[in-house]
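Notes follow the structure.
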Amino acid sequence: MKPIVNIIMGSTSDLPVMEKAAKLLDEMQVPFEMNALSAHRTPAEVEKFAKEAAGRGIKVIIAAAGMAAALPGVIAANTTLPVIGVPVKGSVLDGVDALYSIIQMPPGIPVATVAINGAMNAAILAVQMLALSDAELAQKFAAYKEGLKNKIVKANEELKEVKYAYKTN
């Protein structure tokens, strides 16, 4: 299938974080692609990527970056597609520098931003955006959310059993 989401990172060192996004998109059967391009080391390629993404069928871009975290903003400046920024922990400031760099975008160039290393939530947000115009994906996502609820309900029931075991001993 033709990819509709792009996961892009400034360096392959971000891959362990971004694999969580890939896993969720795969689970939801959302076709995606992954790239590594640097806003500082390959600026012309980043600009070309961003300008051509919509024409290639991409609907949402998830962009990860650490430290200066320019990649999500540079992409957002060069496309009309929604961009979700994932600040990556990796510097002496534990990713707070990346978080601030991504969320402090000028008016007109928004980047939706998730928590530091929050790639899974970035994928969930991408799925929610896509599900607005895809009924089948909306049903899959609703089932996913129900599964999250069921895990907590089950965990709560298991805790009651643990508490009961402590009371009887």
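Heads up: numbering here begins at 1 and tracks the sequence. All heavy atoms count here, side chains included; hydrogens, waters and symmetry mates do not. Not measured: the values here are computed from a predicted model.
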Beyond-backbone contact of Ile7 with Glu33, side-chain heavy atoms, under 4.5 angstrom: no
Around atom NZ of Lys140, are there more than 12 heavy atoms of other residues, nucleotides or ligands at under 6.0 Å? yes
Is any side-chain heavy atom of Ile84 closer than 4.5 Å to one of Val114? yes
If we only count heavy atoms from C-beta on, is the Met9 to Leu15 side-chain gap below 4.5 Å? yes
Let me confirm one number: the CG-CD1 distance from Leu81 to Ile61, rounded to the nearest 0.5 Å. 5.0 Å
Measuring only between side-chain heavy atoms, which start at C-beta, is Ile8 closer than 4.5 Å to Ile62? no
Glu136, CD atom: more than 12 neighbouring heavy atoms under 6.0 Å: no
Over 12 foreign heavy atoms within 6.0 Å of CE, Met67: no
Tell me, do Phe49 and Arg56 make a side-chain contact under 4.5 Å, heavy atoms counted? yes
Leu24 versus Val127: any side-chain heavy-atom pair under 4.5 Å? yes
Carboxylate-amine/guanidinium proximity below 4.0 Å for Lys23 and Glu19: no
Test applied, side-chain contact (heavy atoms from CB on, under 4.5 Å); reference residue, Ile75; option that passes from Val111, Leu37, Val46: Val46
